[in-house]
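All values derive from a computational prediction rather than experimental measurement. To find a chain, count down the sequence lines: A is the first, B the second, and so on, and within it residues start at 1.
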There are 2 protein chains.
Amino acid sequence: MSETSTIRLSGPMAPRDAWTAERCPMAAAFGLVRNRSTLLILREALYGAERFGDFASRTGLSEPVAAARLKEMVADGLLAQDEYREPGQRARPRYRLTEKGSELAPVLLALKDWADRWIYDDESPIELRHVDCGAPVRVEIRCAEGHEIERANELELLPGPGARRRG
Amino acid sequence: MSETSTIRLSGPMAPRDAWTAERCPMAAAFGLVRNRSTLLILREALYGAERFGDFASRTGLSEPVAAARLKEMVADGLLAQDEYREPGQRARPRYRLTEKGSELAPVLLALKDWADRWIYDDESPIELRHVDCGAPVRVEIRCAEGHEIERANELELLPGPGARRRG
DNA sequence: CGGCATCCTTAGGGATACTG
DNA sequence: CAGTATCCCTAAGGATGCCG
């Protein structure tokens with residue numbers, strides 16, 4: 001643990017290529033989450049919120065901000081909006097996670113795991129368990145052979161299939 | 001896949017409790033990453049950057065912004081600053097990931113996995129492989145029993161050990 | 001090199017009040 | 001209830017220039 005752990009840039013990546021900055025999936029994904037309010041709305045959507053008022057009140061966001069984010073997230077395909085009518089009630093707008101949106105869950109879980117350790121000192125305010133077996137859940141980095149990766153220096157960075165493409 | 005997938009809020013969490021918003025590990029962790037520039041610097045640190053000029057140029061950030069972020073990240077314990085002297089050279093400042101900082105790697109990898117699928121259509125500009133076996137790497141959600149979680153509705157949200165504590 | 005000072009523009013976000 | 005319209009303040013970040 002004395003040595004700083006970084007990802008290995010070998011072969012075609014060393015010395016480091018400029019396009020890893022220009023076409024960076026991490027930055028691209030962050031560009032859609034973008035800000036705190038989007039993250040909070042994403043969290044509430046994962047917790048099952050569907051209605052405008054719930055998003056605003058449970059996140060603590062002001063209504064104008066909640067409205068702006070919901071609109072953006074629908075435009076970005078993270079949420080889908082429709083109307084639903086509970087029996088005997090008037091129709092109400094509803095916002096639900098798309099598959100694209102719900103697949104951001106690992107990002108939130110990775111943030112949670114990190115905060116649980118480094119902010120809450122392993123005493124998290126919330127716990128996630130596997131519904132089927134009740135065991136606690138965590139994010140793992142694993143290769144296709146099933147080996148778990150514990151540190152960044154077990155990783156090697158290479159150009160991907162989309163390295164040459166433009167757009 | 002017709003049903004929207006959300007985390008289950010059962011027992012003490014249903015109806016949803018307000019403190020899941022007040023003390024939210026996802027939001028807490030996001031509060032340290034906070035903005036795009038921090039993420040980019042984190043990325044470069046993971047790619048092995050150590051010097052001010054490299055952080056600024058490889059991220060494309062202006063120097064004032066890079067300087068401000070590096071300072072914040074050192075204050076937040078994500079980076080450690082020291083001086084090093086290459087043989088026959090003058091001493092230079094150096095910024096390296098702390099353990100706290102490098103453990104944010106899963107967050108970046110989760111963002112990458114998501115973008116690879118939803119932005120780059122499975123043709124990523126970059127690839128990460130396990131150094132030992134060369135197999136591609138991905139983020140997995142898994143419970144302590146080893147079951148992989150594929151969808152949010154396989155998860156159950158509960159109060160954690162730090163639920164009652166204040167601070 | 002490795003920064004800091006200054007200036008400027010845009011984005012994020014709260015408060016308040018109002019509408020269908 | 002589900003927003004929208006204003007207004008205002010702060011944070012994020014680029015450009016330029018200077019300095020040890």
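- Between R58(A) atom CZ and dA2(D) atom P there is a gap of 12 Å when expressed in whole angstrom units.
- A straight line from CD of E83(A) to P of dA2(D) spans 10 Å, rounded to a whole angstrom.
- For the helix from dC1(C)-dG20(D) to dG20(C)-dC1(D), the rotation axes defined at the first and last 5 base pairs enclose an angle of 40°, given to the nearest 10°.
- For the pair S5(B) (side chain) and A152(B) (backbone), a donor-acceptor distance under 3.5 Å is present.
- The shortest distance between side-chain heavy atoms of E156(B) and I7(B) does not fall below 4.5 Å.
- Under the salt bridge (Lys or Arg N to Asp or Glu O under 4.0 Å) criterion, the residue pairs touching residues 36-56 of chain B are R16(A)-E44(B), with sequence neighbours excluded.
- Partners of R69(A) by salt bridge (Lys or Arg N to Asp or Glu O under 4.0 Å), not counting sequence neighbours, listed by chain and number: E72(A).
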Can you check each nucleotide of nucleotides 2-18 of chain C against protein heavy atoms at under 4.0 Å and return B for base, S for sugar-phosphate only, - for none, in 5' to 3' order?
-> SBBB------SBBBB--
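- The list of salt bridge (Lys or Arg N to Asp or Glu O under 4.0 Å) pairs with a residue in residues 131-148 of chain A, not counting sequence neighbours, reads R138(A)-E140(A), R138(A)-E148(A), E140(A)-R142(A), E140(A)-R142(B), R142(A)-E148(A), R142(A)-E140(B).
- Legend: salt bridge (Lys or Arg N to Asp or Glu O under 4.0 Å) pairs involving residues 104-119 of chain A, not counting sequence neighbours, sorted by first then second residue: K112(A)-D116(A), R117(A)-E99(B), R117(A)-E103(B).
- Here the side chains of Y47(A) and L9(B) are in contact, with some heavy-atom distance below 4.5 Å.
- Rounded to a whole Å, the CE atom of M73(A) is 14 Å from the P atom of dG3(D).
- The shortest side-chain heavy-atom distance between D17(A) and P12(A) does not fall under the 4.5 Å cut-off.
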